[in-house]
Amino acid sequence: MLRLRYFFERHGFSVCSRLADWMGMKKKNVRIFFIYSSFFALGFGFFMYLTLAFWLKIKDLISSKRSSVFDL
């Protein structure tokens, strides 16, 4: 298990630094971009969930199910 952890630490966690070197940017700016984009993606999904729940609740309140024509 430790060998797998060291492999990912050595090869996988240097994504931001390698990407920053390739693009000619500061490593700090690339890391901040990834942090903000992850928060935005999580927040966007939660916002969409609340919006859909609201619209489904409104739809249920507007349209009531009637069993027959004589329920008026």
Side-chain angles (χ1 to χ4, degrees):
M1 194 68 173
L2 286 175
R3 291 178 63 196
L4 181 65
R5 178 179 161 210
Y6 290 140
F7 174 79
F8 281 118
E9 285 179 355
R10 189 175 33 222
H11 298 290
F13 294 128
S14 63
V15 172
C16 292
S17 60
R18 290 177 62 190
L19 187 62
D21 291 339
W22 178 71
M23 295 178 71
M25 297 174 65
K26 291 183 178 180
K27 297 172 189 172
K28 176 183 151 186
N29 292 337
V30 175
R31 288 184 184 120
I32 288 174
F33 170 76
F34 279 118
I35 290 169
Y36 285 158
S37 63
S38 66
F39 282 127
F40 176 72
L42 179 67
F44 182 72
F46 185 68
F47 176 73
M48 288 300 296
Y49 172 78
L50 289 178
T51 304
L52 289 174
F54 172 74
W55 283 111
L56 287 174
K57 183 68 171 176
I58 294 295
K59 182 190 78 78
D60 290 342
L61 290 174
I62 291 174
S63 64
S64 61
K65 295 181 182 180
R66 297 183 180 132
S67 58
S68 72
V69 180
F70 302 108
D71 286 342
L72 299 174

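As a basis for the values below, the full set of heavy atoms in this structure was taken, side chains included, without hydrogen atoms, waters or symmetry mates.
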Visitor: Does Asp21 have any side-chain contact (heavy atoms from CB on, under 4.5 Å) partners at least two apart in sequence or in another chain, and if so, which?
Guide: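 Residues passing side-chain contact (heavy atoms from CB on, under 4.5 Å) with Asp21: Lys27.
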
Visitor: Grouping I, L, V, M, F, W and Y whenever their side-chain heavy atoms are under 4.5 Å apart, do Tyr36 and Phe40 come out in a common cluster?
Guide: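 Cluster IDs for Tyr36 and Phe40 differ.
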
Visitor: Please check if Phe34 and Met25 belong to a single hydrophobic cluster, counting links between Ile, Leu, Val, Met, Phe, Trp and Tyr side chain heavy atoms closer than 4.5 Å.
Guide: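 Yes; tracing contacts between hydrophobic side chains, which count when under 4.5 Å, links both residues.
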
Visitor: Suppose we screen for side-chain contact (heavy atoms from CB on, under 4.5 Å). Which residues come up paired with Leu56, at least two apart in sequence or across chains?
Guide: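 side-chain contact (heavy atoms from CB on, under 4.5 Å) check on Leu56 returns Lys59.
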
Visitor: How far apart are the C-alpha atoms of Phe33 and Asn29, what are their side-chain angles, what is the distance that settles it, and do they pass the side chain to side chain contact (heavy atoms under 4.5 Å, CB included) test?
Guide: CA-CA 6 Å; Phe33 170 76; Asn29 292 337; over 6 Å; no

